[in-house]
Engineer: 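First the structure, then my questions, so here it is.
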Amino acid sequence: MPIPADRPLVMGIVNVTPDSFSDGGRYLDHAAALDHAGALVAAGAAILDLGGESTRPGSLPVPVEAELARVLPVLQAVHDLGVPVSVDTMKPAVMRAAVAAGAAMINDVYGFRAEGAWEAVRDSDCALCIMHMQGEPRSMQVAPRYDDVVAEVEAFLADRIAAAEAAGIARARLWIDPGFGFGKSLEHNLALLRALPRLARLAPVLAGLSRKRMIGALTGREVPADRVAGSVAAALRAVENGAGIVRVHDVAETVDALKVWLASAGRA
Ligand code: 9MG
């Protein structure tokens with residue numbers, strides 16, 4: 001299913017991980033994830049992002065079989081909801097299976113740097129989101145450091161776009177993401193948010209700021225679920241600065257805010 005390109009899209013987050021659905025067996029995890037996906041589409045999500053491995057700061061990798069067992073049954077079932085589905089994974093084997101099962105996008109926080117990642121997605125037409133991350137989820141927030149965060153993230157993304165094209169992947173399939181919170185301090189994140197118009201010259205931008213620590217730091221809200229208003233404000237700023245997709249937890253609130261903001265900007 002193609003990803004609409006005529007308006008900013010709200011992407012709803014569907015985690016199929018034990019830390020998000022802690023009540024036990026696999027069937028329950030899948031049923032809960034499916035219910036959640038349905039609720040996000042009813043709330044106005046134009047695209048879903050399905051992930052079976054947590055990428056939160058401090059999280060550890062999961063084996064490929066476990067990730068496949070979490071994601072694939074849900075991916076097959078959510079097709080009936082009628083919106084394109086992205087799969088968030090760093091693993092080429094999961095990418096291959098997701099593409100075969102009809103994923104509209106592969107969202108790789110590791111920027112397709114794993115051996116075999118380009119080959120896993122090359123012979124499909126699904127969109128690819130290349131994200132920037134300094135380090136790895138386990139340790140990335142320990143002491144992130146840049147001389148010039150915007151220039152370094154821009155150079156990384158330009159380099160990965162060139163690598164995709166060299167691997168035979170059409171540029172029109174590519175999205176980029178500066179990776180808010182992935183090896184970045186609050187100041188780095190704010191600099192990147194301000195620099196989205198510059199990054200958007202490379203490729204369409206996907207931005208994920210929802211409920212992240214930077215929102216907590218700016219609002220004083222310790223609990224992620226209390227960061228809704230701050231997250232909506234960040235999503236609006238990202239769209240204003242050129243993001244084509246905003247990846248969010250709070251779909252209904254973001255969709256409403258975006259409707260008002262777009263109408264007031266004469267873009268409805
Ligand atoms: C999986 N995931 C978590 N945060 C993300 C972000 O900011 N961007 C993208 N593309 N994926 C993310």
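Whatever order the structure lists ligands and atoms in, that order sets their numbers, starting from 1. Along the sequence shown, residues carry numbers from 1.
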Engineer: Quick one: do the T89 and E53 side chains pair a donor with an acceptor below 3.5 Å?
Structural biologist: no
Engineer: For ligand 1, which atoms have a heavy atom of L206 less than 4.0 angstrom away?
Structural biologist: 10 (N)
Engineer: For ligand 1, find out whether one of its N or O atoms is nearer than 3.5 Å to an N or O atom of D177.
Structural biologist: yes
Engineer: With heavy atoms of D88 as the reference, note each atom of ligand 1 found under 4.0 Å away.
Structural biologist: 1 (C)
Engineer: For the side-chain contact (heavy atoms from CB on, under 4.5 Å) test, which of I169, L174, V121 pairs with F112?
Structural biologist: V121
Engineer: Does ligand 1 have any atom sitting under 4.0 Å from a heavy atom of R56?
Structural biologist: no
Engineer: Counting non-hydrogen protein atoms only, what is the nearest one to atom 3 (C) of ligand 1? Give residue, atom name and distance.
Structural biologist: R247 NH1, 3.2 Å
Engineer: If the cut-off is 4.0 Å to any non-hydrogen atom of K212, which atoms of ligand 1 fall inside it?
Structural biologist: 4 (N), 5 (C), 6 (C), 7 (O)
Engineer: Of all the non-hydrogen atoms in the protein, which one sits nearest to atom 11 (N) of ligand 1, and at what distance?
Structural biologist: N107 ND2, 3.1 Å
Engineer: Is any side-chain heavy atom of S86 closer than 4.5 Å to a side-chain heavy atom of L48?
Structural biologist: no
Engineer: What are the atoms of ligand 1, with element, lying closer than 4.0 Å to any heavy atom of G208?
Structural biologist: 7 (O)
Engineer: For V109, take its heavy atoms, then give the atoms of ligand 1 lying under 4.0 Å from any of them.
Structural biologist: 1 (C), 2 (N), 11 (N), 12 (C)
Engineer: Less than 4.5 Å apart, any side-chain heavy atom of Y110 and any of T55?
Structural biologist: no
